[in-house]
Structure formats: C-alpha cells, structure tokens
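Structure first, commentary second.
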Amino acid sequence: MEGRDAIEAAGAARFPQHALTHTLITGASAGLGLELARLFASDGHPLVLVARSEDKLRALAETLRRDYEIDVRVLPADLSEPGAADYLAAHLIADGPGIRHLVNNAGVGAYGPFGERSWDVDQRMIQLNVTALVGLTHLLLPSLRAGDGYRGILNVSSTAGFQPGPLMAVYFATKAFVTSFSEALHEELRGTGVHVTAFLPGPTKTNFCTTNQMIPAGVVADDGTVDEAALVEFKRREAKRMDAGEAARAGYEGYLTGKAMVIPGRRNQLLSMVPRVVPRMVVRRMVHGMMKK
Ligand SMILES: NC(=O)c1ccc[n+]([C@@H]2O[C@H](COP(=O)([O-])OP(=O)(O)OC[C@H]3O[C@@H](n4cnc5c(N)ncnc54)[C@H](OP(=O)(O)O)[C@@H]3O)[C@@H](O)[C@H]2O)c1
C-alpha cells in the first residue's frame, strides 16, 4: 500500500477511539471560519486552525487559549495548491492530534464574465472550494469512522449553489458541488456515527466581497475616484447581509444536532425556495440581472 491509501490506513490505525480530540477548521483566520472557531472553542473543543495568514491564526490561537483554556494548534497552508489536503492529512497523521470534527470552510469566489477570466484563478478556486474539501474528507474519514462519540464533517457551502450564477459561474458551480457531495455523504454515512452537514449561508458580513473584488465597478473608478451615490447603494445592500456570528451559530448548532443541511436565517430560507419553484430559465435570467448590479 502506498501514497494516499497509506495515509488513510495509517490514520485509521493510529487513532484509537479515545484519541479523536480536535476540531480542524480551514479558513479560520477570518469571517465564518473565525466565528466557527470561537463557537467550537467556547464549548471546550481543542482546535487545529488552518489558513494562509499565519500571523492572524497565531493571534486567534492565543486569544482562544487564554479565553477558553483549550489546546489550539496552528497549521498554515495554502489549500489552493495541488496536494494541500495530502500535506495536511499526512502532517496530522504523523504529528498531530486526532480530528473529531472537520470543518471545511475555506473558500473564495471570483466575479466576472467567464470568457474573460484567468484559468489560473478559476483553477485555484476549484482546487480550494472543491478538491481540498473532498481530499480532506477522503483522508480523514477512515479515522472518523474508527472513532466513537459525536464526530463528523461540517462543509461550508452557500445558497449560491441552488442556482446557476452568470458572472460568478465557477463559484456557484463549486457550491452546487459542495452541497450535493455533502448531502450524499450524510446519507451514505447514516448510522456510522459520522455526521455530515452542508452549511449554506446566504450573503454574510465577512471579508468575502472585498477579498474577491466584488465591490461593483461603478463604486470605485479605475482612477480611484469614488461614486458616492453608488457607494451608498452598495452599503445599503451590504447592510442586509447576515451577521457572521449569527450565521455561524446556526451552522454550528445544526451540525451538532445532526442536520443534513442548514440555511441560516428566515430570509435566506425563503429566498432559497425561489429556484425550486420558479422555472429554471427565469431563475438564471434573474440571477444574471442581479449579478450585473
Ligand atoms: N460571506 C458570504 O457572503 C458567504 C456566503 C455563503 C457562503 N460563504 C462561504 O463561507 C466560507 C468562508 O467565507 P467568508 O465569507 O468567511 O470569507 P472570508 O472572510 O474572506 O474568509 C475566508 C477564509 O478562507 C481562508 N482562505 C482563503 N483562501 C485560502 C487558501 N488558498 N488556503 C487556505 N485558506 C484560505 C482565508 O484566510 P487566508 O486569507 O489567511 O488564507 C479566510 O480565513 C467560504 O467557503 C464561502 O464560500 C460565504
């Protein structure tokens, strides 16, 4: 046995049941991942925090150790690099604690007409949003299955996955994948003690829009001047976004009660019904219109 099979087998063999202790959270340096880290920590779960920004992870780890007296480890990694999941899993199996809860949260979006986009950027998005998530799930599942007590995987998807997303075609498609994959696993693993939840936030107040350059072009011109009216409209829409702590709490509680899918907030729940009742052609045109704004 070699390569990935060996990593999976080593994971299952190395962790006796009592050793599944830690919660691994990807994208823990900001936004929903950081809020999820706080929630797990506040219930006494020791953590392994993953993201690229080592300084932010270290600062968060220090705060959580101090506030909740738990073990918090930091594992900086760029999950958009090929092989990142193998690197993380191999590191954990050789050196790290057993993972009881895997929170696949790290993700990015990217805005713009598909035909004008860089393949490199889209490939890295797929690598992060899909390949790393599936990879970590593959590699850690054998040890999760071998464990006991409440354990499992919380995958952060999005209500975006319910419909096609013209102008964010690849991002919406990655989230459709995450929801479908997570729901399928939830069913496959029913009765094994390993719980899988798809967490589908709608628009949430995090760095997501600024990181992913989703501030509409009309707000800031190429020369840096700001259109005040467009900025007011942008802020008005931003204010409707859900608080990240509130959204994360719904995901956390839904995961701990074994839900297959969690959509936080009434507004998101209602809006997510639209693509299920309105004809597909209407939905994709509606989304296109909204995305142009
Ligand atoms: N905000 C929303 O409106 C919204 C709605 C639905 C779903 N979501 C989903 O929620 C998840 C979290 O997003 P967020 O809104 O919290 O965004 P955010 O505030 O931008 O946080 C993203 C997190 O992912 C990490 N990350 C980004 N690229 C990474 C990489 N290559 N390798 C490792 N870590 C990486 C970032 O840390 P570093 O930069 O330090 O690496 C950061 O910790 C994503 O999966 C997103 O699709 C967000």
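Reckoned from all heavy atoms, side chains included, excluding hydrogens, waters and symmetry mates. In listed order, ligands and their atoms are each counted from 1. Along the sequence shown, residues are numbered consecutively beginning with 1. Only a predicted model underlies this, so the values are computations on that prediction, with no experimental measurement involved.
Listed by number with element, the atoms of ligand 1 under 4.0 Å from a non-hydrogen atom of Ala28 are 43 (O). Of all atoms in ligand 1, listed by their number and element, those nearer than 4.0 Å to a heavy atom of Tyr171 are 7 (C), 8 (N), 46 (C), 47 (O). Applying the 4.0 Å criterion to heavy atoms of Gly31 picks out, from ligand 1, the atoms 16 (O), 19 (O). In the vicinity of Asn207, heavy-atom distances shorter than 4.0 Å reach the ligand 1 atoms 19 (O), 20 (O). Of all atoms in ligand 1, numbered sequentially from 1 with element shown, those under 4.0 Å from a heavy atom of Ser29 are 36 (C), 37 (O), 38 (P), 40 (O), 42 (C), 43 (O). Annotation for ligand 1: atoms under 4.0 Å from non-hydrogen atoms of Asp78 are 30 (C), 31 (N), 32 (N). With ligand atoms numbered from 1 in the order given, ligand 1 contributes 9 (C), 10 (O), 11 (C) to contacts under 4.0 Å with heavy atoms of Val156.
The proximity of Lys205 to ligand 1, defined as any non-hydrogen pair under 4.0 Å, does not occur for either the backbone or the side chain. With a 4.0 Å heavy-atom cut-off, ligand 1 is reached by the backbone of Asn105 and by its side chain too. At a heavy-atom distance under 4.0 Å, no atom of Ala160 approaches ligand 1. Contacts between Leu79 and ligand 1 below 4.0 angstrom, taking non-hydrogen atoms only, involve backbone and side chain alike. By the criterion of a heavy-atom distance under 4.0 Å, neither the backbone nor the side chain of Lys56 is placed next to ligand 1.
In this structure, Thr26 falls outside the shell of residues with a heavy atom less than 4.0 angstrom from ligand 1. Residue-ligand proximity: Glu35 is placed with every non-hydrogen atom at 4.0 Å or more from ligand 1. For the pair Lys175 and ligand 1, a heavy-atom separation below 4.0 Å is found.
Between Tyr150 and His195, the ring planes lie parallel to each other; the angle is under 30°, not in the 30° to 60° tilted range. Using cut-offs of 30° and 60° on the angle between ring planes, the pair His91 and Tyr87 is tilted. In this structure, Phe40 and Tyr252 have perpendicular ring planes: the angle between them is above 60°, well past the 30° mark.
Here Arg38 does not pair with Asp67 in a salt bridge; the nearest charged N to carboxylate O distance is not below 4.0 Å. A salt bridge links Glu187 with Arg190; the closest basic N to acidic carboxylate O contact falls under 4.0 Å.
Between the Arg100 side chain and the Asp148 main chain, a donor and an acceptor come within less than 3.5 Å of each other. Side chain of Thr204 to main chain of Thr206: no donor-acceptor pair is present (N/O by atom type, distance under 3.5 Å, no hydrogens or angles). In terms of modelled atom types and a separation under 3.5 Å, the side chain of Asn155 and the main chain of Thr179 share no donor-acceptor contact. With Arg65 contributing its side chain and Val72 its backbone, the two residues share a donor-acceptor pair below 3.5 Å.
Nearest-heavy-atom check against atom 7 (C) of ligand 1 across Ser157, Gly33, Ala77, Gly107 picks out Ser157. By heavy-atom distance, the residue among Ser53, Ser80, Pro264, Ala84 lying nearest atom 40 (O) of ligand 1 is Ser53.
Residue Ser158 has no N or O atom closer than 3.5 Å to an N or O atom of ligand 1. Considering both main-chain and side-chain atoms, Pro203 never comes within under 3.5 Å of ligand 1 through any nitrogen or oxygen pair. Where the criterion is an N or O separation shorter than 3.5 Å, residue side chain and backbone included, Gly27 meets it with respect to ligand 1. Looking at Leu32 next to ligand 1, an N or O pair under 3.5 Å apart turns up.
In terms of heavy atoms, Ala51 sits closest to Ser29 at CB-OG, 3.6 Å. Closest heavy-atom contact between Pro275 and Val283: CA-CG2, 3.8 Å.
With hydrogens and angles left out, the side-chain atoms of Gln269 and Arg266 include a donor and acceptor closer than 3.5 Å.
The side-chain heavy atoms of Leu167 and His288, taken from C-beta on, include a pair separated by under 4.5 Å.
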